[in-house]
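Remarks on the structure that follows.
Note that these values count all heavy atoms, side chains included, but never hydrogens, waters or copies made by symmetry. The sequence lines fix the lettering, A, B, ..., with proteins before strands; numbering per chain opens at 1.
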Number of protein chains: 2
Amino acid sequence: MPPAKPVPTGPRAASRPTLRDVARTLGVSVATVSNAYNRPDQLSEDLRGRILAAARDLGYQGPDPLARSLRRGRTGVLGVVYDAPLDYAFADPAAALFLGSVTRAVHDRDLNVLLLAAPHDPQADATLAVRNASVDGFIVYCAAEGSPLLRAVLDRALPTVLVDQDPQGGSAHVGIDDAGGAQAAAAHLLDLGHRQLGALCLELAGDRHPGPVSAARETQVAYRTTAQRIRGYRAATAGHPDAALHLMEAGQNTPADGEALTLDLLRAHPEVTGVVCMSDVLAQGALRAAATLGLRVPGDLSVIGYDDLPSSGALNLTTVWQPTPDKGAAVGAAILDLLDGQEPAPVTLPTRLVVRGSTAPPRSPAAPTA
Amino acid sequence: MPPAKPVPTGPRAASRPTLRDVARTLGVSVATVSNAYNRPDQLSEDLRGRILAAARDLGYQGPDPLARSLRRGRTGVLGVVYDAPLDYAFADPAAALFLGSVTRAVHDRDLNVLLLAAPHDPQADATLAVRNASVDGFIVYCAAEGSPLLRAVLDRALPTVLVDQDPQGGSAHVGIDDAGGAQAAAAHLLDLGHRQLGALCLELAGDRHPGPVSAARETQVAYRTTAQRIRGYRAATAGHPDAALHLMEAGQNTPADGEALTLDLLRAHPEVTGVVCMSDVLAQGALRAAATLGLRVPGDLSVIGYDDLPSSGALNLTTVWQPTPDKGAAVGAAILDLLDGQEPAPVTLPTRLVVRGSTAPPRSPAAPTA
DNA sequence: GACCCGATCTGAATCGTTTCAGATTGCTGA
DNA sequence: TCAGCAATCTGAAACGATTCAGATCGGGTC
């Protein structure tokens with residue numbers, strides 16, 4: 001005797017109706033109902049109308065996105081990967097602005113963005129989210145050299161674009177002229193006559209190591225952006241044998257860290273008259289520190305940022321502008337190319353020094369206060 | 001004759017290996033391979049090791065997330081919905097900070113966040129992204145009363161939390177004391193002696209209508225946040241019969257718009273000595289406008305913001321603080337409750353006036369300039 | 001009348017998993 | 001000796017769609 005065919009479970013409970021349910025109530029095939037949604041030209045207007053009506057009556061919401069993605073082999077989702085907890089990342093408006101410009105670029109093709117980030121808990125498996133993400137491609141925004149997260153992304157072997165990172169593993173690359181911008185910033189201060197400079201750096205590596213940067217540490221920078229900008233600062237000072245550059249590393253990219261770092265810097269090196277910062281957010285902290293110490297900007301201390309945030313206009317902050325909207329557009333274009341099977345050319349976008357009111361020649365050393 | 005069984009396509013091309021492929025190479029069942037990944041206790045350590053090894057050799061990356069989601073009925077993704085193009089939304093760091101705090105709250109449960117927003121093209125179907133999103137729930141951040149996007153979300157009948165919005169349709173609610181904060185801001189200026197006030201408002205409705213707010217328009221505010229804050233401003237001025245409040249509506253929440261609006265305001269009402277703003281971003285614009293006009297802050301013009309962004313410290317801006325991290329945590333807790341089948345209580349968080357240096361008593365009317 | 005064609009509609013395979021309900025095996029205790 | 005049981009492993013049914021290769025049918029052409 002053949003094994004009894006399992007009895008179908010009759011009309012299912014209050015569960016969501018499926019394509020099959022609406023097919024059954026009309027006595028048509030599921031293929032036809034599917035066509036009613038996806039290929040209106042494949043069935044008569046009349047039947048299509050009846051199907052859509054029946055669907056409405058049943059409370060059917062249209063084809064399940066998940067099942068559709070599985071069958072079609074595309075999800076319509078791009079993973080944007082930050083190698084840091086997201087609330088840290090978004091403490092910098094520049095990160096958010098970039099994200100906005102990326103989504104703008106990919107929305108036209110009906111792609112959405114899934115946020116993937118490192119967990120807060122350092123014990124937790126950082127790669128889990130990346131490994132379990134249902135996406136058509138990745139955009140990696142900020143990852144240290146050799147980070148597990150980055151490796152997990154590359155392992156997925158999906159279309160991937162690396163932002164501000166050394167190209168590797170067959171992925172596309174978009175970046176800015178980090179070194180050039182930094183060099184311009186430091187050169188600006190040197191041209192004004194400053195010789196004792198401080199630099200507020202973003203993290204050099206994923207380990208938390210805030211404070212003065214040792215020569216040893218400076219040789220092993222994991223983040224490309226940080227490495228390039230240090231290179232720029234160094235290149236500028238190299239032209240002035242009498243110039244000194246004191247590097248400070250931030251634990252987090254926040255005004256609070258920038259303020260603390262500046263206080264430390266000026267305590268250790270009171271001779272410093274100009275500070276270059278790797279972000280406007282850090283520069284905001286430097287401005288606060290100056291206010292705390294009763295130093296006038298730019299009279300007693302010159303400050304330069306990096307990014308040119310919208311708020312930096314109101315702060316009258318001299319800074320290095322970068323083309324955030326273009327960057328997002330370039331990233332979007334690159335990932336779309338990859339999805340289309342084409343190989344996009346690497347992109348490096350320009351930066352530009354924006355001189356505002358937070359920089360001026362140093363007070364001459366011997367001059368009396370005020 | 002029975003129809004010939006279709007011939008299996010042999011070893012598939014260079015396509016990605018599946019669970020079945022690794023099962024076949026070891027001669028075990030797919031169930032066992034699945035268990036090797038999901039239920040290590042269901043098979044011997046020995047076999048499990050061989051399976052994982054074979055998987056590695058084949059280049060199998062682990063169970064496909066999509067198929068897994070379909071079968072399990074959960075995606076591990078939450079949709080965060082903005083009823084505006086994302087690059088506009090993220091022009092306000094407050095939006096980004098909120099998003100960061102939400103992701104922080106849900107990451108602990110291995111949930112990720114999918115960004116869903118209105119398209120730039122007003123012709124495009126705004127609801128498409130929401131209808132096609134594979135998510136376990138929604139968080140709606142900023143939607144006008146009766147917006148199609150909001151309706152589309154509610155139609156999906158998934159766990160949903162509404163942020164800064166009137167509760168409706170069985171969804172949870174998290175908000176702040178918008179009116180209270182606004183009232184405190186306006187009251188602060190009135191207490192200082194100001195009587196001619198300007199107010200820089202966020203959009204009143206989804207149509208783009210920047211400029212002075214007519215009485216008619218004021219009666220039909222689509223955004224709850226805007227409505228509540230206007231109510232707060234009005235409540236404060238109501239106590240002073242000799243006080244006037246001039247409402248200006250922003251087209252976008254950006255410093256540029258805030259600046260333009262302030263210039264318009266002061267041109268039309270030179271008697272204004274204090275400006276309350278519905279965001280710090282707009283307040284940044286007001287500060288710039290003052291600088292442009294050669295007005296000193298707070299000597300000639302007092303300015304108050306809303307949000308207390310990190311950058312507002314450096315700007316020395318008096319503003320209304322709101323507990324962004326708590327808000328994200330509350331939203332996260334609410335959505336997790338809903339996913340667990342529980343009904344979270346509505347949450348309303350407090351706001352607080354932070355007095356800094358951008359507010360002072362008005363220069364006495366008759367006093368000579370400087 | 002035979003043939004072909006376009007317009008509609010259907011059957012069934014497939015996407016890649018998870019999981020329930022056994023089957024098999026070897027061992028223990030009575 | 002044999003029922004009972006724990007430890008392993010398997011078969012096959014979902015999950016909810018898309019899509020390809022026909023089937024059916026009425027009408028136009030020669």
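Rounded to whole Å, atom P of C:dG16 lies 15 Å from atom CZ of A:Arg74. A straight line from CD of A:Gln42 to P of C:dA7 spans 10 Å, rounded to a whole angstrom. With rounding to whole Å, B:Arg39 atom CZ is found 12 Å from C:dA21 atom P. Nucleotide C:dC9 holds its C1' atom 13 Å from the CG atom of A:Asp46, rounded to whole Å. Atoms CD (B:Glu45) and C1' (D:dT8) sit 13 Å apart, rounded to a whole Å. Atom C1' of nucleotide C:dT10 and atom CG of A:Leu19 are separated by 14 Å, given to the nearest angstrom. If you take CZ of A:Arg20 and P of D:dT18, they are 14 Å apart, rounded to a whole angstrom. Whole-Å rounding puts the B:Ile51 CD1 to D:dC9 C1' distance at 10 Å.
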* Start with the C-alpha gap between B:Leu47 and B:Thr32, add the side-chain angles, then the distance that decides, and say whether side-chain contact (heavy atoms from CB on, under 4.5 Å) holds. => CA-CA 9 Å; B:Leu47 178 55; B:Thr32 302; 3.7 Å; yes
When the side chains of residues 152-160 of chain B are checked against the rest of the protein, which donor-acceptor pairs come out under 3.5 Å, sequence neighbours left out?
residue  : atom : partner  : partner atom : Å
B:Arg156 : NH1  : B:Val130 : O            : 2.7
B:Arg156 : NH1  : B:Arg131 : O            : 3.1
B:Arg156 : NH1  : B:Ala133 : O            : 3.0
B:Arg156 : NH2  : B:Ala133 : O            : 3.1
B:Thr160 : OG1  : B:Leu158 : O            : 2.8

Show every donor-acceptor pair shorter than 3.5 Å between a side-chain atom in residues 109-118 of chain B and any protein atom, with sequence neighbours excluded, or say none if there are none.
residue  : atom : partner  : partner atom : Å
B:Arg109 : NH2  : B:Asp340 : OD1          : 3.0
B:Arg109 : NH2  : B:Asp340 : OD2          : 3.2
B:Asn112 : ND2  : B:His107 : NE2          : 3.4

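Residues that satisfy the side-chain contact (heavy atoms from CB on, under 4.5 Å) test with B:Asp121, not counting sequence neighbours, are B:Gln123, B:Ala124. For A:Phe90, the ring pair (Phe, Tyr, Trp, His ring centres under 6.0 Å) criterion is met by A:Tyr82, not counting sequence neighbours. Contacts of B:Arg50 classified as salt bridge (Lys or Arg N to Asp or Glu O under 4.0 Å), with partners at least two apart in sequence or in another chain: B:Asp46.
Within the structure, ring pair (Phe, Tyr, Trp, His ring centres under 6.0 Å) pairs that include any residue of residues 142-171 of chain A do not occur (at least two apart or interchain). Listed by first and then second residue, the ring pair (Phe, Tyr, Trp, His ring centres under 6.0 Å) pairs involving residues 50-81 of chain B are B:Tyr37-B:Tyr60 (not counting sequence neighbours). Pairs engaging residues 64-83 of chain A under the salt bridge (Lys or Arg N to Asp or Glu O under 4.0 Å) rule: none recorded [sequence neighbours left out]. Among residues at least two apart or in separate chains, there is no salt bridge (Lys or Arg N to Asp or Glu O under 4.0 Å) pair with a member in residues 138-149 of chain A.
Between A:Gln168 and A:Leu150 the shortest side-chain heavy-atom distance falls below 4.5 Å.
Remark: B:Thr18 is not in phosphate contact with C:dC15, judged by side-chain N or O atoms under 4.0 Å from OP1 or OP2.
Inter-axis angle, ends of the helix from C:dG1-D:dC30 to C:dA30-D:dT1, five pairs per end, rounded to 10 degrees: 50°.
Scanning residues 59-73 of chain B for heavy-atom distances under 4.0 Å to DNA chain D yields B:Leu70, B:Arg71. The stretch residues 26-38 of chain A touches DNA chain C through A:Gly27, A:Val28, A:Ser29, A:Ala31, A:Thr32, each having a heavy atom under 4.0 angstrom from the strand.
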